[in-house]
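Reading through the structure tokens given below for one structure.
Keep in mind that the numbers below use all heavy atoms, side chains included, and drop hydrogens, waters and symmetry copies. Nothing here was measured: the structure is a model prediction, and the numbers come from that model. Along the sequence shown, the residues carry numbers beginning at 1.
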Amino acid sequence: MATSKKNTKSSNTASKSSKANGRIGGKMTKQAVSRAKQTTNTQTLKQEVANELGIQPGKNASAAENGRVGGNMTKKLYQKGKKN
């Protein structure tokens with residue numbers, strides 16, 4: 001039986017393409033989001049995002065729905081933090 005080696009080149013390529021595609025993450029994102037949080041009412045933002053998605057967040061929503069709301073909140077905070 002042949003053994004296969006892990007292809008590290010493809011994993012490096014994936015992270016480079018993620019950056020090229022504008023995916024957010026890492027230290028810069030944390031800094032931008034923390035700057036935006038200082039001037040944003042997150043409860044209001046949560047309700048705004050949930051209304052846009054047609055989701056009622058909370059205990060009765062699924063983890064995927066709550067995660068979708070949180071992810072979109074992070075995107076909006078990141079964009080706001082980049083502008084500041």
Side-chain angles (χ1 to χ4, degrees):
M1 181 181 263
T3 60
S4 63
K5 292 183 179 179
K6 184 177 179 182
N7 187 353
T8 57
K9 186 175 181 180
S10 65
S11 64
N12 290 338
T13 305
S15 64
K16 288 178 186 175
S17 66
S18 295
K19 290 177 186 175
N21 290 329
R23 289 210 164 170
I24 59 177
K27 185 177 179 182
M28 296 300 290
T29 301
K30 289 178 184 175
Q31 291 173 348
V33 169
S34 67
R35 276 195 307 267
K37 276 186 178 179
Q38 293 172 359
T39 60
T40 304
N41 182 346
T42 54
Q43 281 302 110
T44 304
L45 179 62
K46 181 192 295 184
Q47 287 303 317
E48 178 185 318
V49 169
N51 288 338
E52 288 174 6
L53 297 173
I55 297 171
Q56 182 62 39
K59 294 182 209 176
N60 297 330
S62 70
E65 290 173 332
N66 284 328
R68 198 171 302 124
V69 171
N72 282 319
M73 285 177 63
T74 302
K75 286 179 186 177
K76 286 188 177 209
L77 287 169
Y78 175 70
Q79 292 303 320
K80 183 178 179 181
K82 271 182 33 177
K83 290 177 186 176
N84 293 341

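Listed by first then second residue, pairs satisfying side-chain hydrogen bond (donor to acceptor under 3.5 Å, both in side chains) with a partner in residues 33-42 read Thr39-Lys80, Thr40-Lys80, Asn41-Thr44, not counting sequence neighbours.
Ile55 CD1 to Arg68 CZ: the interatomic distance, rounded to the nearest 0.5 Å, is 5.0 Å. Residue Gln79 holds its CD atom at 4.5 Å from NZ of Lys82, rounded to the nearest 0.5 Å. Between atom OH of residue Tyr78 and atom NZ of residue Lys30 there is a gap of 13.5 Å, rounded to the nearest 0.5 Å. To the nearest 0.5 Å, atoms CD (Glu52) and CD (Gln47) are separated by 11.5 Å. Atoms CD and CG, from Glu48 and Leu53 in turn, are 10.5 Å apart once rounded to the nearest 0.5 Å.
Here the shortest heavy-atom pairing between Ala36 and Leu77 reads CB-O, 3.2 Å.
Dense packing is recorded around NZ of Lys76, with more than 12 heavy atoms of other residues, nucleotides or ligands lying under 6.0 Å away.
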